[in-house]
Amino acid sequence: MNMLSPLSPSLASADQSLVDGVLARQLRPLAKTITLIESQREDHKVRAQQVLEALLPHTGGAMRVGISGVPGVGKSTFIEALGLYLIEQGLRVAVLAVDPSSSVTGGSILGDKTRMELLSQNPAAFIRPSPSACSLGGVAEKTRETLLACEAAGFDVIVVETVGVGQSETAVAGMTDIFCLLQLPNAGDDLQAIKKGIMEIADLIVINKADIDAGAAMRAKSQIKTALHMLRPASPNWTVPVLTLSALHKQGVADFWQAVCDYRTALTASGEFAAKRRHQALAWMWEMIDSGLRSRFRSHPRVREDLPTLARAVEEGSTTPAAAAFRLLGHLEHNAQN
Ligand code: GDP
C-alpha cells in the first residue's frame, strides 16, 4: 500500500502545475485533478494522493451541504435555485453527486446536461456528476477527495447530492457538515423515511413543492415534527427544523440558507462542528484501512488457496467459523513477518 504513503516526495512538474492551477481557482486544472482522482490506474492513484496531500493545507474552508431525497422530489430544481441564490450573495458553489448506480446505468443524477442548466452555465458554479466506481465505498471515497479538491479551489459551498437509495445517504452524511432531506408534501412519505432510518441522520428537513398544496405541506410539516420528537436528537444544541419550500418558485431558499448558517453557528459555538469533521476524517481513514485489509486478505495467495476448502468445512460443520477465520487471518500475519 505504498500508494497511501503520507509523506509524499516532491511532485512531478505536471502535478505541481495541477496544484498551482487548483489553488489559483482555475476550473480546468480542477477538472483534470478530479479525473486523476477518479482514475482506476495504480500510477494515477499514487499521483492523485500526492496532489491531494499538496492541496490538503488549503482545504476545510467550505460549508459542506448534503442533499438527499427520492427521485422527483425536486433536488436538482432546488440545488439550482440554491446555487443561484448563493452566487447572488457573492459565493462560489460546487455541486457533486454520490450515485452508486452510476456505474450500472451511466448515472441517474447529474448525468443529464439539462439538469441545473442555468447553474451549470454560471462561472461561479462547478458541477460534477457522480464518479462511476463499482462499489458505493469507491464512489464515496472519490467524492470525498473531489470535495477536498473543490475546497482547495476556493469554493465557499459544496453541495453533495444523493438519491434516496441504500446506504448512499449515510455516506453523504459522513462527508458533509449538514445533511438535508427533501420530502414531498404527502402523508406516508415521512413514515417511510423514518423506517429507513434516514430521518435520524437529517439535520434539516425540507418539504418541497409546497406551492402545489400549502395545506398538505403544513400537515406534513407537523407530522414530521411529531415524528422527530420520538427520535433522539443528534446534538443537544440543535433542534432539526422542518421547512416548507417551493424550489420551482424559488420560495423559501433564503430561509433554508439561513437555517444552514444557524446550524453552523450553533455547532461552532459548542465545538461540535470541528469535532464532527475530525470524527469524519478518522472514520474515513478506518474505512480505507478496513477496505484495504479486506482486499489484501482476499488477494493473498494462501488465502485464495485455502478459502474454498475452509468455507466448505464451515458450511458442513466440520470446523468452527472462528477457527477457519483464525487460520485464514494467520496467513496475513505470516506474510507480514517475512
Ligand atoms: P429530482 O429528481 O429530485 O432532481 O427532481 P427534479 O428537480 O428533477 O424535479 C422533478 C419535477 O418536479 C420537475 O418537473 C420539477 O419541475 C418539479 N418540481 C421541482 N420542485 C418543484 C416545486 O417546488 N414545485 C412544483 N410544483 N414542482 C416542482
Side-chain angles (χ1 to χ4, degrees), residues 63-75 77-79 81-82 98 157 159-248 251-277 279-280 283:
M63 184 68 194
R64 306 165 180 174
V65 182
I67 304 250
S68 176
V70 294
V73 69
K75 291 181 298 300
T77 311
F78 174 63
I79 293 169
L82 175 68
V98 170
V157 180
V159 174
V160 187
E161 176 188 12
T162 191
V163 279
V165 291
Q167 295 297 305
S168 61
E169 275 128 335
T170 320
V172 171
M175 69 177 84
T176 50
D177 300 315
I178 182 165
F179 185 72
C180 309
L181 178 64
L182 259 63
Q183 293 273 86
L184 289 167
N186 47 17
D189 217 56
D190 46 329
L191 296 177
Q192 276 176 14
I194 291 169
K195 260 190 232 148
K196 289 200 290 177
I198 294 160
M199 219 170 257
E200 279 167 349
I201 58 169
D203 302 303
L204 183 54
I205 294 176
V206 173
I207 299 160
N208 190 32
K209 306 198 185 186
D211 57 288
I212 295 177
D213 183 344
M218 289 313 287
R219 281 193 298 281
K221 179 174 172 161
S222 71
Q223 274 183 346
I224 292 173
K225 281 195 156 188
T226 309
L228 284 171
H229 280 307
M230 298 186 291
L231 301 175
R232 228 178 103 238
S235 162
N237 301 301
W238 183 248
T239 305
V240 176
V242 184
L243 309 175
T244 54
L245 194 139
S246 168
L248 192 63
Q251 281 161 2
V253 178
D255 290 342
F256 170 86
W257 187 246
Q258 186 56 51
V260 172
C261 295
D262 291 347
Y263 174 86
R264 183 174 192 151
T265 306
L267 272 77
T268 301
S270 67
E272 289 163 282
F273 193 84
K276 186 171 177 175
R277 283 192 173 183
H279 174 79
Q280 288 176 338

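Just so it is clear, the model here is predicted, and its values are computed rather than measured.
- Panel note: side chain K75, backbone G69; a donor-acceptor pair is recorded below 3.5 Å.
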Q: Show your reasoning for whether side-chain contact (heavy atoms from CB on, under 4.5 Å) applies to L231 and H229.
A: CA-CA 5 Å; L231 301 175; H229 280 307; over 6 Å; no
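- Counting only heavy atoms from C-beta outward, the side chains of F179 and V160 never approach each other to under 4.5 Å.
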Q) Hey, mind stepping through V73 and K209 against side-chain contact (heavy atoms from CB on, under 4.5 Å) and telling me if it holds? A) CA-CA 8 Å; V73 69; K209 306 198 185 186; 5.8 Å; no
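- Rounding to the nearest 0.5 Å places CD of Q183 at 10.5 Å from CG of N208.
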Q.
Please determine whether side-chain contact (heavy atoms from CB on, under 4.5 Å) holds for the pair V65 and T176, giving the CA-CA distance in whole Å, both sets of side-chain angles, and the decisive distance to 0.1 Å.
A. CA-CA 6 Å; V65 182; T176 50; 5.9 Å; no
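- V260 and M63 get closest at one heavy-atom pair: CG1-CE, 3.7 Å.
- The distance from atom CG of L181 to atom CE of M199, rounded to the nearest 0.5 Å, is 6.0 Å.
- The CG atom of L228 sits 11.5 Å away from atom CD of Q223, with the distance rounded to the nearest 0.5 Å.
- By the side-chain contact (heavy atoms from CB on, under 4.5 Å) test, V206 is found to be paired with L182, L245, F256, residues two or more places apart in sequence or in another chain being considered.
- Shown here for A217 and I207, the closest heavy-atom pair between the two residues is O-CD1, 3.8 Å.
- Every residue two or more places apart in sequence or in another chain that forms a side-chain hydrogen bond (donor to acceptor under 3.5 Å, both in side chains) with S235 is listed here: E272.
- S246 meets the side-chain contact (heavy atoms from CB on, under 4.5 Å) test with D211, L248, H249, Q251; sequence neighbours excluded.
- Rounding to the nearest 0.5 Å gives a distance of 9.5 Å between CG of L243 and CD1 of I205.
- To the nearest 0.5 Å, the span separating CD1 on I178 from CG on D262 amounts to 9.0 Å.
- Residue pairs meeting the salt bridge (Lys or Arg N to Asp or Glu O under 4.0 Å) criterion with at least one member in residues 223-233: none, sequence neighbours excluded.
- Checked against side-chain contact (heavy atoms from CB on, under 4.5 Å), V253 has the following partners two or more places apart in sequence or in another chain: A81, L82, Y85.
- D213 meets the side-chain hydrogen bond (donor to acceptor under 3.5 Å, both in side chains) test with no other residue; sequence neighbours excluded.
- Side-chain atoms of E169 and S68 include a donor-acceptor pair closer than 3.5 Å.
- By the side-chain contact (heavy atoms from CB on, under 4.5 Å) test, K276 is found to be paired with D203, Y263, Q280, residues two or more places apart in sequence or in another chain being considered.
- Every salt bridge (Lys or Arg N to Asp or Glu O under 4.0 Å) that R277 has, sequence neighbours left out, goes to D177.
- To the nearest 0.5 Å, the span separating CG on D255 from OG1 on T244 amounts to 8.5 Å.
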